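Accompanying notes for the structure given below.
Note that the structure is a prediction, hence the values are computed from the model and not measured.
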Amino acid sequence: MRFAITMLCFIGIASVIGTILKQNEPYENYIIKFGQFWFEFFEAMGLYNVYQAFWFLLILIFLIISTSFCVSRNSPKILKEYKKFQLNARERSLKSFKHSYEIPVKKFSTSKLEKLLTENKFRLKKQTNKNGDLIISAKKGDLQKLGYIFTHLAIIIISIGGLMDGNLVLKMQELSGSKQIIYEDLALNDVPETGKLTNSNFSYRAQMLLREGEKQSVAVLKAKEGYFIQDLPFIVGLNDFRIEHYSTGQPKSFESDLIVEDKETGELIKKTINVNSPLTFNGITIYQSSFEDGGTELSLDVWNLHSAEETSKMESIIFKKNELVVNNQNYFFEFNDFRKFNILDIEIGNEKKPTNVGPSFIYKVRNESGQAKEYQTYQYPMIIDNSSYFVSGMRKTPQEDYQYLKLPADANGEINGFMIFRELLHSPQILNNAIKRVVAQSFPEGGEKSQIYFEGVDRVLSGFIEGGYSQIAESIDTTLPIEDQERIANSYIKIIFLVGKELITIYELNNIEADNFLFESNHKFVQESLTGFNDSFFYGLPIFLELKNYVHVQSSGLQLTKSPGQFWVYLGSILLVLGIFCMIYIQEVRLWILKKKDNKDILLALTTNRHRLEFDQFALKISQLMKKTFN
């Protein structure tokens, strides 16, 4: 019994871990959350899939064996006690009971006594001894004794159900080598037989991702960092997928219109499922578990941040790869996700409120050596510190937070204004004219000093265009004494700003109808554009992708569960509740009545397994009823 209790404690601890630690997540999520050391430690302990870990299943086996021995050893005694009426009680022992009463009787009637006990829900048995004494033994609430059997049987049944759903057979196949986890991203036809599971697989919890109009007859069973392909006895098709959102853009509800066709009989079932309304077919339950992008079509403008090149077009699809050559380097784009709604805390007035900032797309960019950076770019500008910016985040690893590039929106709320400013910086003739205008403001008469000043400003602008403010700072650090560095740096920043203003002025003079810079004052836009251009050197990519249009395609995430142990777990749970109820809430009461042959009085004795105030009142009530009945 102590061993069984110990096993129950271990199961309780494991269940707490399995509840707190989200199970069967992608391994990279655990690495991000715990770090490499604790990730490997928890993986070795099997904590990412507690309920199917070897040690957990082993505990269940030991618990079943130990509890079965307890039940087999004690149940016969309990059942014997349940059926037994103690008719051999002696007068002396009955008088020693706490609740013992001698009741005078004018006219004794066995039938009246039996009726009284029956009305109070007693089962009774009577016996007349050889000396003529009548003894009646009665009891009620003896189901309390069966609570022990119910609870122990419940533990056994629930543990068996857990074993049935524990993929124990698959684990044995993995150990023998007949089944092997697939770690590569393979097409279905390329998956080896060792990575495929047949319909005879005893239990599983697999995933399926369906686009609208798509049909599939296999599902993916996640296993550690890889997967198995689980064959299904039917074909699942998705007719339509619908999702509703709250006004903030957060998902409210989602549902799928499914068609399920049996492979053998051709039987068809059509049903709409949602999170709380699954479909069960051929012993397999299909749950609506999630939704993802199903291959949204993206129309993108490709801007080169560090040259005056005009924009080019790129057409792509989520989960598709594109290749682009920029500055004689090959870049490989992997588009991974599209989010139509993005809820961010945006400052509105004097407080931040959750706000839908519109669509975004997530992609990775790999260089020729295979190193990748991840980007998330938003389609529409968002308000940050009372200014409107186009925002794109970059991070080198999933463990890092995004570092954001913020490019100011122009007077029309478009990115074109910044891109025109970038083009002006990279146009030598226009830049040369802007520098001349700045020089003329300081040296309107020209001369040698004017030329020296022009050459200095030109060097500053060249350094800024090549590497931003950090390039200028590096030059200052290596060429100027420390006491002059701050003063010179501030002068350079002011010069760059003045040239930036002149670039826009020249553009407006040459493009009278242009309205990109129709601000009350372009001072702020110039400053933000220079900051954005400087930050572009830390963006990790000389390319900015602007989302122009998209065709949103969604897919429904389904979970397919074959759980033969579910019935037994439910049955065991009912037995467990029944057993606990019997043991805690049912009070066993035993009653004896002794009527001696040569004595008109009767002796009443009662006892219980729980002596409470209520029982004192009940015993007194029974004695008073007997007095009233026979007197």
| field | From S66 atom OG to I156 atom CD1, the distance as rounded to the nearest 0.5 Å | value | 9.0 Å

| field | Set of side-chain contact (heavy atoms from CB on, under 4.5 Å) partners for T285, sequence neighbours left out | value | P278, T280, Y287

| For K263, salt bridge (Lys or Arg N to Asp or Glu O under 4.0 Å) partners two or more places apart | D231

| field | Point-to-point distance, once rounded to the nearest 0.5 Å, from CD1 of I543 to OH of Y375 | value | 10.5 Å

| Backbone of E414 reached by a side-chain donor or acceptor of N412 within 3.5 Å | no

| Looking at K320, K364, R366, which hits side chain to side chain donor-acceptor pair (under 3.5 Å) with E334? | R366

| Got a donor-acceptor contact below 3.5 angstrom from the W55 side chain to the M45 backbone? | yes

| said: Are more than 12 heavy atoms, taken from residues, nucleotides or ligands other than F69, located less than 6.0 Å from that residue's CZ atom? | reply: no

| task | Would you tell me whether Y148 and S75 have side-chain atoms, one donor and one acceptor, within less than 3.5 Å of each other? | result | no

| Greater than 12 external heavy atoms within 6.0 Å of Y570's OH | no

| message | Are more than 12 heavy atoms, taken from residues, nucleotides or ligands other than K313, located less than 6.0 Å from that residue's NZ atom? | response | yes

| query | Any donor-acceptor pair under 3.5 Å linking the side chain of T194 with the backbone of S178? | reply | no

| said: Looking only at the side chains, is there a donor atom on one of S360 and Q379 sitting less than 3.5 Å from an acceptor on the other? | reply: no

| task | Output every pair passing ring-ring contact (aromatic ring centres under 6.0 Å, His included) with a member in residues 198-237, not counting sequence neighbours, ordered by first then second residue. | result | F234-F281

| Does CG belonging to D401 count more than 12 external heavy atoms closer than 6.0 Å? | no

| task | Can you sort out the partners of I31 under side-chain contact (heavy atoms from CB on, under 4.5 Å), two or more places apart, ordered by chain and number? | result | Q36, F39, Q399

| note | Here the gap from L298 atom CG to H552 atom NE2, rounded to the nearest 0.5 Å, amounts to 10.0 Å

| field | Side chain T151, main chain L576, donor-acceptor under 3.5 Å | value | no

| query | Would you say Q371's side chain and N367's backbone share a donor-acceptor pair under 3.5 angstrom? | reply | no

| Is the number of heavy atoms from other residues, nucleotides or ligands within 6.0 Å of CZ (F10) greater than 12? | no

| said: The criterion is side-chain contact (heavy atoms from CB on, under 4.5 Å); which residues satisfy it with Y82, sequence neighbours excluded? | reply: R123, D142, L143, L146

| query | For E315, which residues count as a side-chain contact (heavy atoms from CB on, under 4.5 Å) partner, sequence neighbours excluded? | reply | S299

| Reported CD1-to-CG distance for the pair I269 and L279, which is rounded to 0.5 angstrom | 6.0 Å

| request: Flag the pair E174 and K171 as a salt bridge only when some basic side-chain nitrogen lies within less than 4.0 angstrom of an acidic carboxylate oxygen. | output: no

| said: Going by ring pair (Phe, Tyr, Trp, His ring centres under 6.0 Å), name the residues that satisfy it together with F56, two or more places apart in sequence or in a different chain. | reply: Y51

| request: Indicate whether any N or O donor in one side chain lies under 3.5 Å from an N or O acceptor in the other, for S277 and N274. | output: no

| field | Gap separating the CG atom of L232 from the CD atom of Q230, nearest 0.5 angstrom | value | 6.5 Å

| message | Whether the T561 and S563 side chains hold a donor-acceptor pair (N or O, under 3.5 Å, no angle test) is what I'd like checked. | response | no

| Residues that D262 engages under side-chain hydrogen bond (donor to acceptor under 3.5 Å, both in side chains), provided they are two or more places apart | T265, N282

| request: Could you label the plane-to-plane angle of the W38 and F41 rings as parallel, tilted or perpendicular, counting under 30° as parallel and over 60° as perpendicular? | output: perpendicular

| Polar side chain donor-acceptor pair, Q566 to D165, under 3.5 angstrom | no

| request: Kindly write out the residues that satisfy salt bridge (Lys or Arg N to Asp or Glu O under 4.0 Å) with K270, not counting sequence neighbours, or none if the list is empty. | output: none

| Working for ring pair (Phe, Tyr, Trp, His ring centres under 6.0 Å), residues F338 and Y550 | CA-CA 10 Å; F338 174 85; Y550 62 87; 4.7 Å; yes

| request: Return yes if a side-chain donor-acceptor contact under 3.5 Å exists between E255 and T272, otherwise no. | output: no

| said: Looking at K179 and G195, would you say the former's side chain and the latter's main chain have a donor-acceptor pair under 3.5 Å? | reply: no

| message | Does either side chain, that of S256 or that of Q288, offer a donor lying less than 3.5 Å from an acceptor on the other one? | response | yes

| Y30 and Y48: CA distance, side-chain angles, deciding distance, ring pair (Phe, Tyr, Trp, His ring centres under 6.0 Å) verdict | CA-CA 9 Å; Y30 295 123; Y48 303 136; 3.9 Å; yes

| said: Among residues at least two apart in sequence or on other chains, which ones pass side-chain hydrogen bond (donor to acceptor under 3.5 Å, both in side chains) with D240? | reply: R242

| request: Quick one: do Y363 and Q376 satisfy side chain to side chain donor-acceptor pair (under 3.5 Å)? Show the steps, please. | output: CA-CA 7 Å; Y363 59 100; Q376 181 175 11; over 6 Å; no

| note | Rounded to the nearest 0.5 angstrom, the CG-OG1 distance for D301 and T311 is 4.0 Å

| So, does R211 use its side chain to make a donor-acceptor pair with the main chain of G294 at under 3.5 Å? | yes

| Mind checking what makes salt bridge (Lys or Arg N to Asp or Glu O under 4.0 Å) contact with K121, not counting sequence neighbours? | none

| request: Give every residue pair that meets the salt bridge (charged side-chain N to carboxylate O under 4.0 Å, His left out) criterion with at least one member in residues 548-572, sequence neighbours excluded. | output: E546-K548

| message | Between N74 (side chain only) and C70 (backbone N and O only), is there a donor and an acceptor less than 3.5 Å apart? | response | yes

| Flag, side chain of Q23 to backbone of L21, donor-acceptor distance under 3.5 Å | yes

